[in-house]
Amino acid sequence: MNTLTCGCARSTQSERVEAGTLEMTGRHPCYSYEAHHKYARMHLPVAPRCNIGCNYCNRKFDCVSESRPGVTSEVLTPEAARNKFLLVREKVANLSVVGIAGPGDALANWGSTRRTIELIKEADPEVIFCLSSNGLMLPDYAREIVELGVKHVTVTVNCLDSVTGSLIYRHVNYRGKVHRGAAGAEILLHNQQKGIEYLSRNGVLVKVNIVMVKGVNDDRIPEVVRRVKELGAFITNIMPLVPAPGSVFQDYAPTDAAELDRMRDLCGQDMQQMRHCKQCRADAIGLLNEDRSREFDTAPAEPNAGCGGSNRTSKIAAAS
Ligand code: CLF
Ligand code: SF4
């Protein structure tokens, strides 16, 4: 395994974060509540594959950890993604962030993800890049993420212990070998924490998403929040379970809104909480509460595709 060594262990997070990064964060609609009314983001769906199996996910749809189920996305090559960015930049005012959030995992498709960032950086050095990942491959790629200048990374961490993890993750495909149950969860949880610590110590603002599943991980969420705070994370985003048809958790109750609020209040005593997440799709464009992705749709429309109101064709590659 590529060993990550952290920066100075004694410096505080604010000392490690450059002023420029904090300025960017003021224009990031997910990291800053105030920014979400003003600044737009666009997601580029260049990452179709995933390397783990979450029980709340149906891989016919986008990654549930950073998007809502029931809609599918086209998949773009890095070159097509750059071209789409140039088109959208002309038409969407205050576009500040380009995010890669699936429809699978950004790091399970690292070649495409990295190339997309490089191409867009060449075209516009001012863009704020944002990545979302399950964190499995962070020990391999965190250093490159830092070197690329990405300052905002989201990692979904649902628990700290492999027994709870085995209830959430069916398998983990790590470097070509499939690990099931607690053994797979162990690898994933270890890599997530190692990656969050490395990124945080190297000037990246890490947001941690947590999917709240009643009776599975809900009583463990406060300890997840405390742990990721220790590791240097910037903010947590506790998200409701939206049971995806066809997923293992399809018959589980959706997370109750009042219980979610109470959990956010409780965890807010330890750490800053995001409360304005829209669980957007992997090709979302615009303000968080005003998705304009269909205006820029390049996929041919198909009648009766029935994807939660969208009629895009799913071009997502098979899950690992
Ligand atoms: Fe996209 Fe995610 Fe970056 Fe935001 S979304 S990769 S951090 S630019 Fe934002 Fe959408 Fe919620 Fe994600 S509202 S699902 S938290
Ligand atoms: Fe689905 Fe992979 Fe996202 Fe889990 S990390 S919700 S399996 S796409």
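The basis for the numbers below is simple: all heavy atoms, side chains too, and nothing from hydrogens, waters or symmetry mates. Read the numbers this way: they start at 1 and go in the same order the structure lists the ligands and their atoms.
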Between CG on residue Asn173 and CZ on residue Arg180, distance to nearest 0.5 Å: 9.5 Å
List in chain and number order the residues that pass salt bridge (Lys or Arg N to Asp or Glu O under 4.0 Å) with Asp256, two or more places apart in sequence or in another chain; answer none if no residue qualifies. none
Quick check: are there more than 12 heavy atoms from other residues, nucleotides or ligands sitting under 6.0 Å from NZ of Lys121? yes
Set out, in order, the CA-CA distance, both residues' side-chain angles and the distance that settles side-chain hydrogen bond (donor to acceptor under 3.5 Å, both in side chains) for Asn209 and Asn237, then state yes or no. CA-CA 5 Å; Asn209 284 358; Asn237 173 23; 3.0 Å; yes
When you measure from the heavy atoms of His36 to every atom of ligand 1, does any distance fall below 4.0 Å? no
Mind checking ring-ring contact (aromatic ring centres under 6.0 Å, His included) for His43 and listing every partner two or more places apart, or none if nothing turns up? none
Spacing of Arg41 atom CZ and His28 atom NE2 [to the nearest 0.5 Å]: 10.0 Å
What protein N/O/S atoms are found closer than 2.8 Å to atom 10 (Fe) of ligand 1? Cys280 SG
Numbered in order shown, the ligand 1 atoms found under 4.0 Å of a heavy atom of Cys130 are 3 (Fe), 6 (S), 7 (S), 8 (S)
Would you mind running through ligand 1 and noting each atom that sits below 4.0 Å from a heavy atom of Lys207? 7 (S), 15 (S)
For the backbone of Thr116 and the side chain of Arg82, can you confirm whether one donor and one acceptor N or O come within less than 3.5 Å of each other? no
Treat each ILVMFWY residue as a node, draw an edge where side-chain heavy atoms are under 4.5 Å apart, and state whether Val228 and Val155 are in one component. yes
Gap separating the CG atom of Leu188 from the CD atom of Gln193, nearest 0.5 angstrom: 10.0 Å
Near Tyr56 (heavy-atom distance under 4.0 Å), the atoms of ligand 2 are 6 (S)
Interatomic distance, CZ@Arg227 vs CE@Met271, rounded to 0.5 Å, equals 12.5 Å
Ligand 1 to Thr154, heavy atom cutoff 4.0 Å, flagged ligand atoms 7 (S)
Decide whether the shortest distance between a heavy atom of His276 and an atom of ligand 1 is less than 4.0 Å. no
With rounding to the nearest 0.5 Å, note down the distance linking CD in Glu186 to CG in Asn191. 10.5 Å
So, 4.0 Å and heavy atoms of Tyr169: is ligand 2 close enough to count as a contact? no
Where does His152 meet ligand 1, judged by heavy-atom distances below 4.0 Å: at the side chain, the backbone, both, or neither? neither
Contact atoms of ligand 1, heavy-atom distance to Val97 under 4.0 Å: 8 (S)
2.8 Å cut-off (strict), protein N, O or S atoms about atom 3 (Fe) of ligand 2: 1
Look up atom OG in Ser112 and atom CZ in Arg49, then write down how far apart they are to the nearest 0.5 Å. 6.5 Å
Would you please say whether a donor-acceptor pair under 3.5 Å links the side chains of Asn134 and Thr156? no
Would you say Thr113's side chain and Ala106's backbone share a donor-acceptor pair under 3.5 angstrom? yes
